[in-house]
Asker: 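The structure that follows is given in the form of structure tokens.
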Amino acid sequence: MKSKHNVLIFIPSLIGALVLFGWLLDIEILKRPRDTMVAMNPMSAVSFVFIGLALYLNLNHSDLNKSRIAIRLIALFVLSIGLTKLYSIISGFDLGMDKVLFSDKIAKDIIKGIPNRMAPNTAFDFVVLGFAVFLSSYRKEVLSSISNYLCILVLLIGLFSVIGYVYQVQEFYGILSYIPMAIHTAISFIFCSFALLLINGHFGFMRVFTSKSSGGILARVLIPFLIIVPVLFGYIRIYLNRLNPVSLELGVGFLMTGIILTFFILVWFVATQLEKSDIARTDAERKLSELNHELEILVSSKTMDLFKSENRFRTILEQFPYPVLTYDPQGVCTGTNFAWEEMWNTRRDVLVDYNILKDPQIKEAGFFPFVEKAFGGEPAISEPFPYDPKLIGSSGRNRWLQMVLYPVKNTAGNILEVIVVHQDITASKEAENEIRLLNNELEERVKVRTEQLVLANKELESFSYSISHDLRAPIRGISGFTQILMEDYGVNFDAEGKRIIGKIIENAKQMGQLVDDLLEFSRLGRTELAEREISMKELATTVYKELINLESGREIRFEIKDIPNVRADQPAVRQLWVNLISNAIKYTKKAEAPLIQIGFIESKEGTVFYVKDNGAGFNMQYYHKLFGVFQRLHSNADFEGTGVGLAIVKRIASRHGGNVWAESKEGEGATFYFTLPGQDSKLK
């Protein structure tokens, strides 16, 4: 639409520019359409060029402050030209504003005894048009409405002048003995005023003409005919009368008959189009009603499917063997399962209005950072902490808890709820407390206490193994039931439902991997080491090849020195290499030229093996967390993992009487060192 308006705007500017070229180069056809007609004054041509620029800025850049200032300055310039000329006519004191350009040529340009000057009606139109452009620049309802009425006045004066030329009635385009308005000046005024009306189309009476309603369409169709038809038939009547003079009555009859017949055809055409539009609208409304009905049925069906899905999910949650609670993003508890009621020996009603973010016991126990992490959008596993159920009105016993917190997000990354799984580790904690009590016994019972401590530690280790082992069954249950849900009812879910189920499967898989790591970690503490000679170079190379085959499309430069053999437990040492090399492969995935180096150095502690990479590295400020269980120095979004791998490496080295440590600089890679002292070693 703007492109069409720009065409209207540039027509008067183009006419003005051509007239100026005509005066400059003495081309008569550019100054006046015919030799007997009045030429456009050069100052009028300049004014039209500037008005075109102002209208262009008003249409395309009205939101810029500089553009609005330029529009107002141009409007005041044009208005001052008109006012100066009107003052000269009224006062009789000629200020010569219309003789500034090409004064010598203007003095010689005389038509019918009248020198070329700016016509009074031209000057008046410039005053009105300049004022209209000035008001329009403010883009306000009242001022733009006034601007539209002023444009109508300019349009009528220009139209009357053109009709005067068509009918050869000088009174329409000239005033008394003054020079008349040039015909191309009148046409330029028509285009300028019409363009400004369209620019102000959303204000005042122009809303009707620019609207998409039937009234607006009817107005846009009829108005051009309302102007053109009477003018055309009037001209035909005059032209025919010149060819063959007829009586006034016959001429008027011909004129009125032609106008009536034309408007009858026009009204019939418009009515036909409106009828088609009404029929189409009625048909569209009927189809829309049918579609709304179908949509209601579909929404009802989807709502029922969603209810069934929610019901299945709640059923699975209710049958889950571990206590599970759900919280909204503000920390308010929204539900729990039967296992929670059994643990605390109470009803879930006591959780009404319970807010985990405001629980003082959690803050005092130091558990709050894990809660904040989960409600911040990242999964978290808490440290064990004691909890008194009286805070939630429960009559159950005090317990030691460890919690797994997982935030559920939508596609936009916003948290929908946080799921918290309780792990009751009261028995293990009570065993620990019992051990502490035994340590306080008399000194003569040290040996007995030591034996009991060893036994208790083994029981604790076995218990931890059992807990981790027992976790696998419910995790498989979650994964299996969710997979069945996807396979049997996946077609009923929308994309968001499928994404959430995929997340459940993905996290069940991650939890399964975590349990496997925990089992491996626990196994290392229970199994006896079977030492034999190991080719460290061959073992490390084999492990690397197995791991790199899982990394499709990656190219890593792998360098390994002739490292010594050792006597150690092969499965344990293999697991050590797997964890260290897989870490190096994982943390170099963002490096431009990934490099992994394996070698050794001799020190006073004996042979020190190392695995070096040029990957992401880590901040040594957090080194104390590096080899702890569930401690990670990178987010799961950047590098996936369970936080158990390096703890396993440390346990393997410790069980062989060795040690493990690391050096790194963030963004420049890391080097992990380990020793296996007390073993015979030699170069391969």
Side-chain angles (χ1 to χ4, degrees), residues 461 465 516-551 556-588 594-615 617-618 623 626-629 641-664 669-684:
E461 210 166 69
Y465 175 81
D516 289 342
D517 288 346
L518 286 172
L519 287 173
E520 178 63 25
F521 186 74
S522 178
R523 185 188 65 80
L524 289 171
R526 293 181 294 104
T527 58
E528 294 293 332
L529 299 179
E531 297 177 1
R532 67 186 181 88
E533 186 172 354
I534 302 171
S535 173
M536 294 290 273
K537 181 177 181 181
E538 181 180 349
L539 183 59
T541 303
T542 301
V543 167
Y544 172 76
K545 289 179 179 178
E546 291 174 357
L547 293 174
I548 200 62
N549 285 336
L550 302 176
E551 300 288 321
I556 302 175
R557 187 152 61 96
F558 180 71
E559 297 177 359
I560 183 168
K561 295 181 180 180
D562 288 326
I563 57 179
N565 297 345
V566 299
R567 286 190 59 82
D569 182 87
Q570 181 164 342
V573 175
R574 175 183 173 81
Q575 186 64 44
L576 182 146
W577 280 121
V578 168
N579 289 2
L580 290 179
I581 295 175
S582 63
N583 270 6
I585 293 173
K586 176 169 61 177
Y587 289 106
T588 56
L595 170 64
I596 298 175
Q597 296 173 307
I598 295 177
F600 76 101
I601 55 176
E602 294 293 345
S603 70
K604 62 182 181 180
E605 298 176 1
T607 303
V608 179
F609 299 92
Y610 65 85
V611 179
K612 183 177 182 181
D613 65 73
N614 62 343
F618 60 87
Y623 179 80
L626 191 62
F627 296 99
V629 180
T642 61
V644 182
L646 290 179
I648 291 175
V649 169
K650 184 175 180 64
R651 173 160 286 194
I652 292 171
S654 297
R655 292 213 58 196
H656 284 82
N659 194 13
V660 60
W661 67 96
E663 295 176 354
S664 177
T671 304
F672 284 84
Y673 302 90
F674 67 91
T675 61
L676 299 174
Q679 316 297 332
D680 295 331
S681 64
K682 61 180 180 180
L683 284 176
K684 184 177 178 181

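Bear in mind the structure is a predicted one, so any value in this text is a computation, not a measurement.
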Asker: Walk me through whether Trp577 and Thr541 qualify under side-chain contact (heavy atoms from CB on, under 4.5 Å).
Answerer: CA-CA 9 Å; Trp577 280 121; Thr541 303; over 6 Å; no
Asker: Considering all heavy atoms of both residues, which atom of Ala572 and which atom of Asp569 are nearest to each other, and what is their separation?
Answerer: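 Scanning both residues completely, I find the closest heavy atoms to be N-OD2, 3.0 Å.
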Asker: Measure across Met536 and Asn565 and return the closest heavy-atom pair with its distance rounded to 0.1 Å.
Answerer: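 Heavy atoms only, the tightest pair is N-OD1, 3.7 Å.
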Asker: Counting C-beta onward and ignoring hydrogens, is there a side-chain heavy-atom pair between Glu663 and Tyr610 closer than 4.5 Å?
Answerer: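 No, side chains not in contact.
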Asker: Quickly, which of Asp613, Ile585, Ile556 forms a side-chain contact (heavy atoms from CB on, under 4.5 Å) with Pro594? Name it, please.
Answerer: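 The side-chain contact (heavy atoms from CB on, under 4.5 Å) with Pro594 is passed solely by Ile556 among Asp613, Ile585, Ile556.
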Asker: Quick check for you: to the nearest 0.5 Å, what is the distance between Arg574 atom CZ and Ile534 atom CD1?
Answerer: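 Result: 11.0 Å between the selected atoms.
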Asker: Which pair of heavy atoms, one from Lys650 and one from Asn659, lies closest together, and at what distance?
Answerer: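 So the two residues come closest at NZ-OD1, 4.3 Å.
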Asker: Test side-chain contact (heavy atoms from CB on, under 4.5 Å) on Leu576 and Phe674 and set out the steps.
Answerer: CA-CA 10 Å; Leu576 182 146; Phe674 67 91; 3.6 Å; yes
Asker: Say you draw a straight line from CD1 of Ile596 to CD1 of Ile548; how long is it, rounded to the nearest 0.5 Å?
Answerer: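 It comes to 6.5 Å.
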Asker: State, to 0.1 Å, how close Arg567 and Glu533 come at their nearest heavy-atom pair, and which atoms those are.
Answerer: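 Shortest heavy-atom separation between Arg567 and Glu533 comes out as NH1-N, 3.7 Å.
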Asker: How far apart are the C-alpha atoms of Val566 and Phe609, what are their side-chain angles, what is the distance that settles it, and do they pass the side-chain contact (heavy atoms from CB on, under 4.5 Å) test?
Answerer: CA-CA 11 Å; Val566 299; Phe609 299 92; 3.7 Å; yes
Asker: Considering all heavy atoms of both residues, which atom of Ala540 and which atom of Ile598 are nearest to each other, and what is their separation?
Answerer: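 Closest approach of Ala540 to Ile598, heavy atoms only: CB-CD1, 4.2 Å.
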Asker: Please check: side-chain N/O of Thr607 versus main-chain N/O of Glu602, any donor-acceptor pairing under 3.5 Å?
Answerer: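 Checked: no pair found.
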Asker: Nearest 0.5 angstrom please: Arg651 CZ to Gln575 CD, how far?
Answerer: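 One gets 13.0 Å once the value is rounded to the nearest 0.5 Å.
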Asker: Check Ala584 against Val611 and note the closest heavy-atom contact, atom names and distance.
Answerer: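 Shortest heavy-atom separation between Ala584 and Val611 comes out as CB-CG1, 4.3 Å.
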Asker: Report the distance from atom CG of Asp562 to atom NZ of Lys537, rounding to the nearest 0.5 Å.
Answerer: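 That separation rounds to 4.0 Å.
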Asker: Determine, step by step, whether Phe558 and Lys545 satisfy the side-chain contact (heavy atoms from CB on, under 4.5 Å) criterion, reporting the C-alpha distance in whole Å, the side-chain angles of both residues, the deciding distance to 0.1 Å, and the verdict.
Answerer: CA-CA 10 Å; Phe558 180 71; Lys545 289 179 179 178; over 6 Å; no
Asker: Would a 4.5 Å heavy-atom cut-off, applied to side chains only, mark Thr675 and Trp661 as touching?
Answerer: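 Result yes, sub-4.5 Å side-chain heavy-atom pair found.
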